[in-house]
Amino acid sequence: MAEKIKFTIDGKECYAEQGQTILAAALDNGVYIPSLCYLKDLIPAGSCRICNVKVSGRFMTACTTPVNDGMEVENNTPELEELRKSIVEMLFVSGNHFCPACEKSGNCELQALAYKYQMMVPRFPYIFPEKEVDPSSPKLFIERNRCILCKRCIRSIKDESGKSLFAFKKRGNKLMINLDHELAATMTDEMAEEAMEICPVGSILRKEKGFDQPIGHRKFDKQAIGSDIKSVI
Ligand code: FES
């Protein structure tokens with residue numbers, strides 16, 4: 001069996017496999033590092049920056065940085081929590097997020113992080129960008145007002161030949177997620193369900209489904225985000 005790498009997170013002794021990222025190893029050791037674009041078993045995108053930690057005085061994204069032997073990682077510090085809160089606020093002002101009317105409310109990871117950081121009103125001005133929605137797929141509704149461009153859908157929803165059903169379209173502040181219409185027409189119910197599930201916000205919605213979990217029974221009604229992380233080592 002390959003020898004484990006020893007490192008610490010906020011002084012807690014942790015162990016990692018060779019080549020494992022800080023975020024993946026933290027989860028295995030029962031340590032929660034907030035994340036939005038990370039999804040187990042997918043190549044990390046490093047796009048949301050919520051998982052910033054500090055290593056040797058430098059900010060690093062935990063989802064893309066491999067663990068080194070003896071590494072000392074800072075995670076749960078006021079500085080990092082403040083940084084993460086400001087990123088959550090920036091995500092809120094750069095889209096159009098109206099939580100009370102969102103089908104994903106209570107199951108939304110961005111909303112859950114806003115609760116975690118006790119965000120009341122973002123400190124940045126709202127941009128209120130104009131975003132196109134796309135209802136043309138038979139099974140999915142694409143609500144780009146809520147998209148945080150995490151690429152989870154691009155990286156995980158693929159057809160049998162490995163082709164992604166989702167892709168980015170346009171550039172800069174016009175960048176948006178796009179669903180291939182031809183491939184979308186062949187989507188199974190399971191794929192549509194999975195696409196909705198892996199979206200951390202309410203940007204990919206299953207048609208004819210919404211508000212089906214009563215308040216009090218939704219994922220983050222029952223537990224705060226990250227509170228279910230348990231050590232598997
Ligand atoms: Fe690491 Fe998004 S989870 S950058």
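Every number for a ligand or one of its atoms is a count from 1 in the order of the listing.
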Could you state the interatomic distance from [atom1] ([X]) to [atom2] ([Y]), rounded to the nearest 0.5 Å?
X: E143; Y: E132; atom1: CD; atom2: CD; value: 12.0 Å
X: S105; Y: I215; atom1: OG; atom2: CD1; value: 7.0 Å
X: R84; Y: E79; atom1: CZ; atom2: CD; value: 10.5 Å

Task: Any donor-acceptor N or O pair under 3.5 Å, side chains E194, S156 - done: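 Looking only at side-chain atoms, S156 and E194 do not form any donor-acceptor pair under 3.5 Å.
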* Asked: If you measure only the distance, is there a donor-acceptor pair under 3.5 Å linking the side chains of D221 and Q213?
  ->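 No donor-acceptor contact under 3.5 Å links the two side chains.
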Within a reach of under 6.0 Å around OH of Y126, are more than 12 heavy atoms found that belong to other residues, nucleotides or ligands?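 Counting neighbours around OH of Y126, more than 12 heavy atoms of other residues, nucleotides or ligands fall under 6.0 Å, so yes.
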Under 2.8 Å from atom 1 (Fe) of ligand 1, protein N/O/S atom count?
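Count of protein N, O, S atoms less than 2.8 Å from atom 1 (Fe) of ligand 1: 2.
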